[in-house]
Engineer: 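Pasting a structure here, questions to come.
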Amino acid sequence: MRATITLLTIFAAMFLGACGFSQSSSEPNPEPAWRLVIHGGAGVILREHLTVEEEAAYHAALRTALEAGAEVLRSGGSAVDAVQAALVPMENDPRFNAGHGAVYTADLRHELDASIMDGQGRNAGAVAGLSRVKNPIRAARAVMEHSEHVMFAGEGADAFAETFGLEMVENAYFGTEQRRIAVQRVLETRSRTSADKSGTVGAVAIDMAGNLAAATSTGGMTAKAPGRVGDVPLIGAATYAQNGVCAVSSTGHGEYFIRVGVARAICARRELKDESLETAAEIILSEVAALGGQGGVIALDETGAYTYVFNSPGMYRGRIDEDGVETAIFGQRNAILEGEG
Ligand code: ASP
């Protein structure tokens with residue numbers, strides 16, 4: 001039985017690969033001095049859903065985030081500073097479901113989750129159900145740096161961040177008209193489209209000293225029950241980094257990512273099996289798919305090799321290193337080339 005499940009998993013992984021749902025670093029420099037890879041959520045993102053202007057705006061937003069992180073890495077800064085720097089502009093951009101632009105809960109509020117992990121020493125910080133911190137990733141970092149704990153939730157998490165001087169906002173700051181329309185629709189129809197479960201932002205990086213780091217931030221799922229906590233603040237589900245092994249940030253239907261323990265599982269396969277990062281990510285994502293979940297991951301290993309793997313038609317994503325920058329949205333490889341223009 002066990003052998004059958006393993007075989008099914010491997011066939012599913014091969015199917016994902018054959019469908020072109022993964023893209024990796026076969027062409028770019030296999031051993032970069034530093035590299036940053038980001039995502040802005042995975043889901044049913046089809047070209048016909050976006051106007052030419054919207055598509056261009058997404059590419060520009062991804063580039064802004066990549067540049068913010070690259071500035072840190074180019075000057076010899078740390079991977080953990082870079083992933084945080086990349087996420088802040090995406091949290092401030094209403095296009096993404098993180099910070100300003102976060103989805104609404106079923107009671108028309110916003111509860112934000114974030115986590116960060118430094119591969120050096122496997123230090124980590126996470127926050128769940130924030131309602132007043134402007135940039136949740138900064139709160140996760142504060143937990144990692146200034147507390148003996150790994151995760152804070154709810155009012156205690158907001159209060160902790162405030163103590164460390166982070167910028168606080170009214171809960172209404174996070175909302176946008178588009179998100180309000182979406183939550184009303186979900187509450188009326190009692191069903192979510194994939195767009196209602198996407199837009200999370202994440203980053204993985206390797207710095208000049210070879211340190212790895214990962215970070216993820218989200219508003220969660222549209223019309224989620226108050227108090228629901230997704231995969232994003234759970235170290236090992238959405239975020240994981242371990243020097244010498246790999247760094248992962250994921251996005252998708254969080255309940256499935258929690259049950260599979262996606263980020264840690266990918267790194268464990270990479271460490272314990274003689275498998276490429278891409279194969280490890282495909283096998284674990286196929287487990288998510290087998291349970292009925294949709295989403296994707298970005299992953300980077302100790303050599304700087306990276307991969308985007310997703311089982312949805314589209315993921316906002318990009319990479320930057322000393323060789324250049326690429327951004328992509330849709331499921332085809334050529335979208336990467338298009339984004340490079
Ligand atoms: N994983 C997030 C959550 O379930 C949603 C997403 O990635 O879009 O909260």
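Computed from a prediction, not measured in an experiment: that's the story for all the values here. Counting starts at 1 for both ligands and their atoms, in listed order.
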Engineer: Enumerate the salt bridge (Lys or Arg N to Asp or Glu O under 4.0 Å) contacts for residues 216-240, please, sequence neighbours excluded, ordered by first and then second residue.
Structural biologist: Arg228-Glu255
Engineer: Under a 4.5 Å cut-off applied to non-hydrogen side-chain atoms, are Leu66 and Leu36 in contact?
Structural biologist: yes
Engineer: Hey, is ligand 1 close enough to Asn97 that some N/O pair sits below 3.5 Å?
Structural biologist: no
Engineer: With a 4.5 Å heavy-atom cut-off, do Arg317 and Phe310 have their side chains touching?
Structural biologist: yes
Engineer: Using a 4.0 Å cut-off to any heavy atom of Arg228, which atoms of ligand 1 qualify?
Structural biologist: 3 (C), 4 (O), 9 (O)
Engineer: Counting heavy atoms only, which of Thr251, Val229, Asp231 is nearest atom 3 (C) of ligand 1?
Structural biologist: Asp231
Engineer: Not counting sequence neighbours, which residues clear salt bridge (Lys or Arg N to Asp or Glu O under 4.0 Å) with Arg179? List them please.
Structural biologist: none
Engineer: Under 4.0 Å, counting heavy atoms only: does Gly252 come that close to any atom of ligand 1?
Structural biologist: yes
Engineer: Looking only at distances, please establish whether an N/O atom of ligand 1 is found under 3.5 Å from an N/O atom of Gly254.
Structural biologist: yes
Engineer: Does the pair Asp107/Arg109 count as a salt bridge with the N-to-O cut at 4.0 Å?
Structural biologist: no
Engineer: Any idea which atoms of ligand 1 are less than 4.0 Å away from a heavy-atom of Gly220?
Structural biologist: 9 (O)
Engineer: Heavy-atom count check: over 12 atoms from other residues, nucleotides or ligands less than 6.0 Å from Glu322 CD?
Structural biologist: yes
Engineer: Which is closest to atom 6 (C) of ligand 1 in terms of heavy atoms, Leu234, Ile258, Thr200, Thr222?
Structural biologist: Thr200
